[in-house]
Amino acid sequence: MPENKSESKQTTVQHMAYEPYTVAMGPQHPATHGVLKLDLELDGETILECKPTVGFLHRGVEKLAENISYAQCLPLTDRLDYIAAMANNVAYSVAVETLLGIEVPLRAKYIRTMVMEMARLTGHLLWLATHALDIGAMTVFLYCFRERENLLDMFEEICGARLTTSYTCIGGVRQDVTGHFLESLHAFTDEFPSRIAEYETLIDKNRIWLQRTQGVGVVSAEDAVSLGLTGPTLRGSGVDYDVRKHMPYDAYPYVEFEVPIGSKGDVYDRYRCRMEEMHQSNSIIRQCIEALPPGPIRAEDAPDLVMPYGPQKVVEADATFSSGIIKLVEDRKRFIKGDVYVAAEVPKGELGFYFVSDGRGVPYRMHIRSPSYIHIGALPFLCKGQMVADVIAIIGSVDVVLGECDR
Amino acid sequence: MEILWILVKIIIVFAVVMLHVMYATYFERKVIGHMQVRMGPMRVGPHGILQPIADGLKLFFKEDIIPTVADKKVFYAAPLICLISALSAIAVLPFFEGFAIANINIGILYIFAMSSLASYGVVLAGWSSNSKYSFLGGLRSSAQVISYEIAMGLSLVGVMMMAGSLNLTDIVHAQMNSPFKVYLIPQIIGFFVFVVAMFAETNRTPFDLPEAESELVAGYCTEYSGMRFALFFMAEYIGMIVMSCLAVTCFLGGWSGPFEVPGIPFFWFLLKVYFFIFLYYWVRATLPRYRYDQLMALGWKVLIPLALFNIVLTGTIKSIFG
Amino acid sequence: MKIQYDTKKSLVERIFLLEIVKGLGLTLRRLFSKSVTIQYPKERKELFPGFRGKHALIRDPKTGTARCVACMRCASVCPARCISIRFTTDEKTGGRKLESYEIDALRCIFCGYCEEVCPVNAVVLTEDYEYSDYEREPFHFDMEALLNNWDKFVEKNKIDPERYLNPFLRPRGLALGELPAGKRMDVPEEWTLEGQVVWKDGKAVSAREAAAE
Amino acid sequence: MEPLEIAQKIRERFPDQVIQVEEHRGQVGVIVKKDRIVEMLRWLHDDPALQLNHLADLCGVDYLAKKDVRFEVVYNLYSIPLRHRIRIRAEVPEDDCRIDSVTSIWMGANWHERECYDLLGITFDGHPDLRRILLPEGWEGHPLRKDYPLDGGGKRWSGYEEVVEKSKRLRQHDFYGMYQDPTKKAGLEDARE
């Protein structure tokens with residue numbers, strides 16, 4: 001590199017001495033999946049050390065949640081993993097319902113399971129798209145988006161938004177499904193396995209793909225558990241842990257599916273895990289459509305969106321209503337003191353909500369255990385000794401979203 | 001008089017090549033677009049036919065940003081080195097019977113020399129930008145181009161042995177007189193090695209490491225903007241055209257075809273070149289990218305031994321039958 | 001379920017790059033297939049009812065102004081606090097009179113809670129999504145702008161303002177008893193609790209039909 | 001194993017450490033003292049009958065004026081092979097706001113603890129790299145504490161001031177007089193002066 005001229009003349013000898021080459025990868029970089037920054041120390045192209053920096057997208061969701069009611073927190077969860085917002089909605093609702101002890105009607109359970117698996121498909125499709133694009137197979141990217149588009153259209157049909165869905169509510173779902181939705185989704189499930197075969201034609205056995213993924217970013221089962229990895233990233237290492245099986249929620253106890261588990265724990269195994277999961281999700285969606293029972297879609301004892309309040313509370317109409325709401329919901333008997341940790345399996349892994357309730361209608365403390373945060377924390381471990389191009393493959397394979405990581 | 005004729009030829013070839021470069025970009029976006037079930041450029045003109053002109057205008061009028069810490073002189077020179085050496089290589093290509101700007105006896109060597117020079121442009125661009133990504137891109141490029149040059153050179157040795165000449169026109173003539181009419185069949189190994197090396201030499205997918213956008217942002221041209229960036233772009237496309245022409249000349253019988261097309265002596269040549277350019281796009285739409293070390297391993301452990309084997313095979317066959 | 005995969009290739013596959021040739025074959029096939037994209041300004045996607053787009057206050061055909069009764073439910077449920085309402089209270093009757101109704105669309109997160117809680121179907125998110133601008137000002141909708149949005153929406157989509165139906169004004173699948181009086185509208189049978197769809201014999205049928213058979 | 005049984009085992013093993021056991025919706029939280037937390041968690045992690053090898057979540061809670069001891073660090077543990085869970089809540093008083101790090105047991109605890117330090121200001125002794133993580137270096141205060149106001153208390157982060165200064169400097173490069181200062185419109189101070 002050309003240095004400052006006067007300096008380079010004087011210090012030629014010192015410059016010969018070995019020093020690692022540092023590269024700041026991100027926060028503006030095509031392949032860090034958002035605003036992730038990695039400080040890489042390189043020896044040639046080999047990574048000596050990788051230090052992730054996060055927080056560029058920190059919006060203080062947890063602090064915000066302490067000041068708004070449970071129902072109002074729900075749209076915030078759309079913005080965690082904005083790729084599969086539906087799954088976050090379901091995870092959040094399940095957590096709040098556990099806290100409040102609400103039993104959800106069966107139809108709502110099935111609908112939620114259905115949309116959660118659809119969200120898993122959208123998440124995995126976007127993961128495959130970007131992962132393949134990072135490794136250079138750009139056609140897979142657009143093929144995946146073709147199917148993802150169909151799923152987003154269906155989301156739009158049932159809830160009026162494509163990404164920030166806010167579809168569930170505490171105690172059920174906000175809208176019932178329509179016949180057109182069911183029919184198009186059923187047609188989609190018929191079509192989808194052949195689409196997966198299409199992606200696999202391009203990459204699955206391709207020698208370049210295999211060379212780029214096999215034996216890269218290997219993490220053993222013990223290390224994976226110790227690092228706190230979850231979801232397909234953990235299962236690629238051969239650990240059988242899936243929240244849907246271990247702590248079933250919604251309609252997962254009633255549907256049949258298998259949890260794909262890898263063996264070596266490299267990028268290729270994680271890739272295979274997610275591809276198999278797409279098949280499983282497709283089958284779950286189908287089972288949910290066919291078993292969808294009639295009945296109510298919201299629990300009778302579910303709290304309303306707006307808590308009842310008296311007119312005296314709204315004096316200054318322009319003011320923010322935080323104090324008003326907090327006072328109002330104190331009257332409700334439903335909210336009792338206690339804490340719960342409830343997790344759900346979202347596309348990225350285990351999304352857990354830890355709630356502390358002090359008996360008011362707002363969470364006293366809401367902590368989001370976001371899988372992406374933990375996965376990025378594991379990147380230094382995974383990247384050590386790999387090459388620059390592998391870092392991209394590894395980031396792709398652990399599947400991170402910075403909206404969820406930074407919260 | 002002869003100089004005037006050469007000048008006219010240069011102008012004609014330059015204009016034709018530049019037009020091809022322009023529409024190669026358009027063609028690439030269309031082909032890849034349709035392969036990816038989308039449309040490609042559709043806005044400027046019917047089906048986006050004027051898109052290359054719009055792109056050119058935009059790049060021409062863009063602000064020319066030069067990093068303050070860049071080595072200015074080298075930074076200016078790098079894209080020019082790329083473009084000029086890529087353009088110079090066209091001089092020796094025979095487009096049809098009797099039409100080559102310079103029909104020199106060492107045509108193949110000249111093309112090699114020019115394409116190696118083009119890689120210096122890339123290396124210097126990476127170095128002078130004073131950006132870490134550019135530097136890595138330049139490093140990759142130097143390693144890659146130099147090792148693939150060898151494989152490419154060796155893959156053409158078989159052709160040279162069969163034709164007994166380094167003159168490209170003579171090679172085409174020799175092919176027309178050979179039993180298969182093209183060297184593709186007797187030199188199939190050489191052809192395979194040449195095609196792979198051709199992709200690597202022009203930095204195209206799956207060997208586009210110097211500018212691998214997912215790792216190095218844009219590699220060696222990260223810091224370039226506007227017209228200077230366009231020069232790199234043009235050099236890359238001219239490089240593709242030159243390599244396609246070389247492949248056509250050395251393996252597919254140049255301008256010769258199954259029958260004469262009256263009035264268009266370069267018909268078959270263009271058709272074959274278009275096929276190779278299409279192949280470039282086709283492969284780009286299909287394959288992932290290699291990693292740096294795997295690329296080197298492929299070059300040194302597979303392609304060079306294959307090319308050497310091809311030379312031995314050709315020599316043996318030639319000494320037995322010829 | 002342990003994943004079974006076999007990435008070993010036979011000699012023929014290795015020499016002739018069969019998997020790459022297959023991939024090339026796929027992309028070549030797709031070269032001639034129909035593209036799935038639409039040319040946006042010329043073609044527009046048809047949106048489903050209930051798309052959460054530009055805000056509007058429904059103009060009541062009877063009174064010619066907004067239906068809003070200043071109950072403040074929307075303002076208090078709004079997670080982004082982008083709605084601000086001013087009203088005056090009549091000393092004698094205790095009735096409220098709306099003075100101003102403002103929505104800051106740049107703060108809005110389009111969750112649709114406001115239209116869901118509105119007891120009189122006054123506020124709505126219309127299916128209009130094309131309202132970009134260079135300034136911030138036009139996104140601060142006051143009451144006039146919101147009513148104008150509604151007029152434009154009605155005009156553009158040629159809808160009957162009396163019969164306008166949005167799944168958030170009357171959520172699908174809720175029993176009639178759960179809805180306030182203002183929300184008990186005439187809806188397609190599919191939207192009611194009795195007529196909700198289930199899957200039977202390869203197509204979606206209403207639950208009532210399915211039970212009858 | 002049932003969560004209450006686990007709690008009983010913990011009580012037997014560390015009788016002087018356990019303060020209280022709470023159950024809510026079938027989930028059991030064991031409130032413990034912070035002194036021997038690493039020892040206790042290591043035992044929970046290694047004991048063959050428990051094998052709580054998955055640290056699902058680690059977070060801090062601020063019980064300002066709700067409890068005698070202000071902070072709690074909450075460990076949500078899960079056993080992947082045995083499929084049971086338990087919650088350990090270690091009390092951390094405000095005047096001695098530190099607790100031992102569990103990074104030696106779970107590598108994944110590293111970032112959890114950094115986040116807890118960043119947002120609640122609880123120091124983890126023995127942590128390899130205890131820095132702020134979600135907030136920038138130089139941020140004042142710990143936002144998730146209950147006495148930290150929602151709007152930040154009107155204070156501005158020093159880095160923000162630097163950015164403002166820098167943008168002011170950069171705005172002096174007025175290209176062809178075409179540049180319109182957006183701060184003028186928004187009623188902010190005129191940057192060029």
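Naming convention: chains lettered A, B, ... in sequence-line order (proteins, then strands); numbering from 1 in each chain. Below, all heavy atoms of this structure are taken into account, side chains as well, without hydrogens, waters or symmetry copies. In this text the structure is predicted, and so the values were computed from the model without any measurement.
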| said: Using the ring-ring contact (aromatic ring centres under 6.0 Å, His included) criterion, which residues pair with A:His375? Sequence neighbours excluded. | reply: none
| What residues of residues 142-153 of chain A sit under 4.5 Å from chain B when only non-hydrogen atoms are counted? | A:Leu142, A:Tyr143, A:Arg146
| message | Taking side chain as everything from C-beta outward and backbone as N, CA, C, O, which of these in A:Asp134 sits under 4.5 Å from a heavy atom of chain B? Side chain, backbone, both or neither. | response | both
| field | Euclidean distance, A:Met387 CE relative to B:Gln294 CD, rounded to 0.5 Å | value | 8.5 Å
| note | When the 4.5 angstrom heavy-atom criterion is applied to B:Tyr290 and chain A, the contacting part is both
| request: May I ask you to test the A:Val216-B:Arg291 pair for a side-chain heavy-atom distance under 4.5 Å? | output: yes
| query | Within the side chain of B:Arg289, is there an N or O that forms a donor-acceptor pair under 3.5 Å with the backbone of A:Ala137? | reply | no
| said: For A:Ile392, which atoms come within 4.5 Å of any heavy atom of chain B: side chain, backbone, both, or neither? | reply: side chain
| field | Results of side-chain contact (heavy atoms from CB on, under 4.5 Å) for B:Lys58 - residues two or more places apart only | value | B:Lys62
| request: Go through the atoms of A:Met138 and report whether side chain, backbone, both or neither lie under 4.5 Å from a heavy atom of chain B. | output: both
| said: To the nearest 0.5 Å, what is the distance between CD1 on A:Ile208 and OG1 on B:Thr286? | reply: 10.0 Å
| message | Tell me whether B:Lys132 contacts the main-chain N or O of A:Thr22 through its side chain, where contact means a donor paired with an acceptor under 3.5 Å. | response | yes
| task | Measure A:Ala132 against the heavy atoms of chain B and call it side chain, backbone, both or neither at under 4.5 Å. | result | neither
| Between A:Leu202, A:Val140, A:Asp390, the one whose heavy-atom pairs under 4.5 Å with chain B are most numerous | A:Asp390
| field | Best-contacting candidate, B:Val74, B:Asp293, B:Asp208, against chain A by heavy atom pairs under 4.5 angstrom | value | B:Asp293
| Where does B:Ile32 contact chain A at under 4.5 Å (heavy atoms): side chain, backbone, both or neither? | side chain
| How about A:Phe381: does its CZ atom have over 12 heavy atoms from other parts shown lying under 6.0 Å from it? | yes
| query | Looking at OG1 of A:Thr46 and OH of B:Tyr292, how far apart are the two atoms once the value is rounded to the nearest 0.5 Å? | reply | 9.5 Å
| message | If the contact rule is any heavy atom under 4.5 Å from chain B, which residues of residues 184-191 of chain A qualify, in numerical order? | response | none
| query | Could you give the distance from OH (A:Tyr21) to CG (B:Leu136), rounded to the nearest 0.5 Å? | reply | 5.0 Å
| request: Apply the test side-chain contact (heavy atoms from CB on, under 4.5 Å) to residues B:Gln36 and A:Phe141: give CA-CA distance (whole Å), side-chain angles for both, the deciding distance (0.1 Å), then the verdict. | output: CA-CA 9 Å; B:Gln36 295 169 344; A:Phe141 178 80; over 6 Å; no
